[in-house]
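Predicted model only: the values in this text are computed from it and were never measured. Chain A is the first sequence line, chain B the second, and so forth, proteins listed ahead of strands; every chain is numbered from 1. Keep in mind that the numbers below use all heavy atoms, side chains included, and drop hydrogens, waters and symmetry copies.
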Number of protein chains: 2
Amino acid sequence: MADLKYRILLAEDDENLGSLLQEYLQAKNYDTDWVVNGEKAFRYFEQFHYDLCLLDVMMPVKDGFTLASEIRILNSDIPIIFLTAKSMKEDVLEGFSLGADDYITKPFSMEELLFRIEAILRRTKGIRGGEKNTWKIGRFSFDAKRQLLTGTGVEQKLTTKESELLRLLCNNMNQVLERNFALKAIWIDDNYFNARSMDVYITKLRKYLKPDPNVQIINVHGKGYKLVVDEEPAD
Amino acid sequence: MADLKYRILLAEDDENLGSLLQEYLQAKNYDTDWVVNGEKAFRYFEQFHYDLCLLDVMMPVKDGFTLASEIRILNSDIPIIFLTAKSMKEDVLEGFSLGADDYITKPFSMEELLFRIEAILRRTKGIRGGEKNTWKIGRFSFDAKRQLLTGTGVEQKLTTKESELLRLLCNNMNQVLERNFALKAIWIDDNYFNARSMDVYITKLRKYLKPDPNVQIINVHGKGYKLVVDEEPAD
DNA sequence: GATGTGATTTAACAAAGTTTAACATCCTTT
DNA sequence: AAAGGATGTTAAACTTTGTTAAATCACATC
């Protein structure tokens, strides 16, 4: 259970998106190889073993569909998810005929993608290691699935956004959660207004967490936020 | 149970869409014949046996409506689904008067179409091969076929709409069921009023499910709903 | 064809979720 | 210390959803 990592092949030519996705998937404990075109992707696929492919449709050198059909020759079972721009209905449909298991249209949120990945792995492999969805935060306990923050007697129902943000903070407990990363993960678009919106949510979370002075959301100027919990001296 | 395949007649002049649909339906275990105009479609219909017709409205040689009325002369029972471009309200209505069972506006997703097909076959024939139609929801058990929600002593009969909505929620247990998808799947049209109607049904379902506090229909603002069940710790 | 019954939709108002705006404060750099 | 950008905080604006009841529709029965 400890480190049965699934391996993902990610083919995406956009450098920003690619590295972001890789980082995110790594953080989620998927061993992810990222390549920037279909040509390289195929060479990787021949050489290494993967449990799932994430292919951008529009790529230089070799597009995602062509790549998929070649991959299918080598392996008719491996799950394939296409990343595609909106408004390409027909193309997407073409993709299905090549045996894609799913597709997701840009822009998408990280969480969305993760969900699709997990759903597919659940179908093809067994259940996955066990997505974590409850945390202890000082004297609170947070249930992301139920969107519930309990502790100090009261039980606080969280809204979806509050819950998603807190979940990200928990995933990066004691580390810096980068603003941009959180924005892309939750709001998809990291524009000015969404950034301000996120600030508002940070304030809200701080208010909820106030009852325990050992729990803090610390701002790291220009970088992001860090959820820190000072351990109670064992009495 | 193994290979009782339903047979579908698909009449669609767009080559891309046609072949794609055929492939998809084949993959979903429907034995599908695809023809590119109404003329041919009729000849096929005379000659072979089908369980369902999927007719494009706009076709050369013979349009879908004309075709449908001719098919109705030969067989007054067979389910017919029209594929139609958006913005043809009146035409669609005309179609219904010819005894169409349903219609779906382009562009549509494969999933949407599949759901409609299954819904209709569910109504007309019995249940389809591998389709799930009973679920455990916390301490309830839901039988979609008989539209019955049992648990906590009482036995609640559900109306058709209640049952279809709950079925969709169950199919996406613990995931977000998108508002739009549900609307298109159940109400066909995703306009404002139907959306409000759906809200009313969510309230009704919540009321039925209230007796078990571990079962919740959580709203995801702007996205949809998710049915979450907290697993009882096995005591 | 009128009538009654349950299902579904429409209406009306309440409540919650999210974003935007406005202004205060803090950090960093110069 | 001053300036400029980033963050904190609160409240208003706006959008979506919740809930209940009345109106309408659909269908069975008489």
Open item on the list: By the 4.0 Å heavy-atom rule, please label B:Thr203 as base, sugar-phosphate, or nothing.
Closed with: base

TODO: Would you mind telling me which residue lines up with the more 5' stretch of DNA chain D, B:Asp199 or A:Gly224, judged by nearest nucleotide?
DONE: A:Gly224

TODO: State which of D:dT7, C:dT9, C:dT19 makes the closest approach to the side chain of B:Asn194.
DONE: C:dT9

Task: For atom CD of A:Gln216 and atom C1' of D:dT7, their distance in whole Å - done: 16 Å

Open item on the list: Of the listed nucleotides (C:dT19, D:dT17, D:dT7), which one gets closest to any side-chain atom of A:Arg179?
Closed with: D:dT7

Task: Non-neighbouring partners of A:Asp14 that pass side chain to side chain donor-acceptor pair (under 3.5 Å), sequence neighbours left out - done: none

Task: Which atom of B:Ala11 lies closest to which atom of B:Ala41, heavy atoms considered - done: CB-CB, 4.0 Å

TODO: Return the set of residues passing side-chain contact (heavy atoms from CB on, under 4.5 Å) with B:Glu178 (not counting sequence neighbours), or none when no residue passes.
DONE: B:Phe181

Open item on the list: My understanding is that only residues two or more places apart in sequence, or in another chain, count here; which of them pass side-chain contact (heavy atoms from CB on, under 4.5 Å) with B:Lys223?
Closed with: B:Val176, B:Val220

Task: A:Asn191 vs A:Leu158, nearer the 5' end of DNA chain C by closest nucleotide - done: A:Leu158

Task: Nearest-Å distance for atom pair CG/C1', residues A:Leu205 and D:dT9 - done: 14 Å

- [ ] May I ask you to evaluate whether B:Lys207 reaches the phosphate of D:dT20, defined as a side-chain N or O under 4.0 Å from OP1 or OP2?
- [x] yes

- [ ] Can you tell me the distance, in whole Å, between the NZ atom of B:Lys226 and the P atom of D:dT17?
- [x] 14 Å

- [ ] Would you kindly give the CD1-to-P distance between B:Ile202 and C:dA16, to the nearest whole Å?
- [x] 18 Å

TODO: Using whole Å, report how far CG of B:Asn219 lies from C1' of D:dG18.
DONE: 9 Å

Task: Partners passing side-chain contact (heavy atoms from CB on, under 4.5 Å) against A:Glu162 (at least two apart in sequence or in another chain) - done: A:Leu158, A:Thr159, A:Tyr201, A:Lys204, A:Leu205, A:Tyr208

Short N/O separations, protein against nucleotides 24-30 of chain C, under 3.5 angstrom:
none

Task: Shortest non-hydrogen contact between A:Lys145 and B:Asp230, atoms and distance - done: NZ-CA, 4.4 Å

Task: Pairing residues for B:Arg196 by the salt bridge (Lys or Arg N to Asp or Glu O under 4.0 Å) criterion, not counting sequence neighbours - done: B:Asp199

Open item on the list: Restricting to side-chain contact (heavy atoms from CB on, under 4.5 Å), what partner residues turn up for A:Asn194, sequence neighbours left out?
Closed with: A:Leu183, A:Trp187, A:Asp189, A:Asn191

- [ ] Would you tell me if any nitrogen or oxygen in the side chain of A:Lys157 comes within less than 4.0 Å of OP1 or OP2 on C:dA16?
- [x] no

Protein-nucleotides 21-23 of chain D N/O pairs closer than 3.5 Å?
none

TODO: Select one nucleotide: of C:dT20, C:dT19, D:dT7, the one nearest the side-chain heavy atoms of A:Phe193.
DONE: C:dT20

Task: Selection from D:dT20, C:dT18, D:dT19 that lies nearest to any side-chain heavy atom of A:Thr159 - done: C:dT18

- [ ] Give a yes or no on whether B:Phe48 atom CZ has more than 12 heavy-atom contacts from other residues, nucleotides or ligands under 6.0 Å away.
- [x] yes

Open item on the list: Taking any heavy-atom pair under 4.0 Å as a contact, classify A:Ser197: base, sugar-phosphate, or nothing.
Closed with: base

Open item on the list: Starting the side chain at C-beta, find the nucleotide from D:dT20, C:dT18, D:dG8 nearest to A:Thr160.
Closed with: C:dT18

TODO: Mind checking side chain to side chain donor-acceptor pair (under 3.5 Å) for B:Asp33 and listing every partner two or more places apart, or none if nothing turns up?
DONE: B:Arg7, B:Tyr50

TODO: Whole angstrom is fine here: how far is it from CD in A:Glu164 over to P in C:dG17?
DONE: 14 Å

Open item on the list: For a quick check of understanding: with a heavy-atom distance under 4.0 Å over all strands, which category does B:Lys204 fall into, base, sugar-phosphate or nothing?
Closed with: base

Open item on the list: Tell me the interatomic distance from A:Tyr208, atom OH, to C:dG17, atom C1', rounded to whole angstroms.
Closed with: 10 Å

Open item on the list: By nearest heavy atom, map A:Glu162 and B:Trp187 onto DNA chain C; which one lands nearer the 5' end?
Closed with: B:Trp187

Open item on the list: At 4.0 Å (heavy atoms only), tell me whether B:Tyr225 reaches a base, stays on the sugar-phosphate, or touches nothing.
Closed with: sugar-phosphate

Open item on the list: Counting only side-chain heavy atoms from C-beta out, which of D:dT20, C:dT9, D:dG8 sits nearest to B:Tyr201?
Closed with: C:dT9

Open item on the list: How close do B:Ile218 and A:Gln147 get, counting heavy atoms only, and between which atoms?
Closed with: CG2-OE1, 3.8 Å

Open item on the list: I need the CG-P distance between B:Leu165 and C:dA7, as an integer number of Å.
Closed with: 16 Å

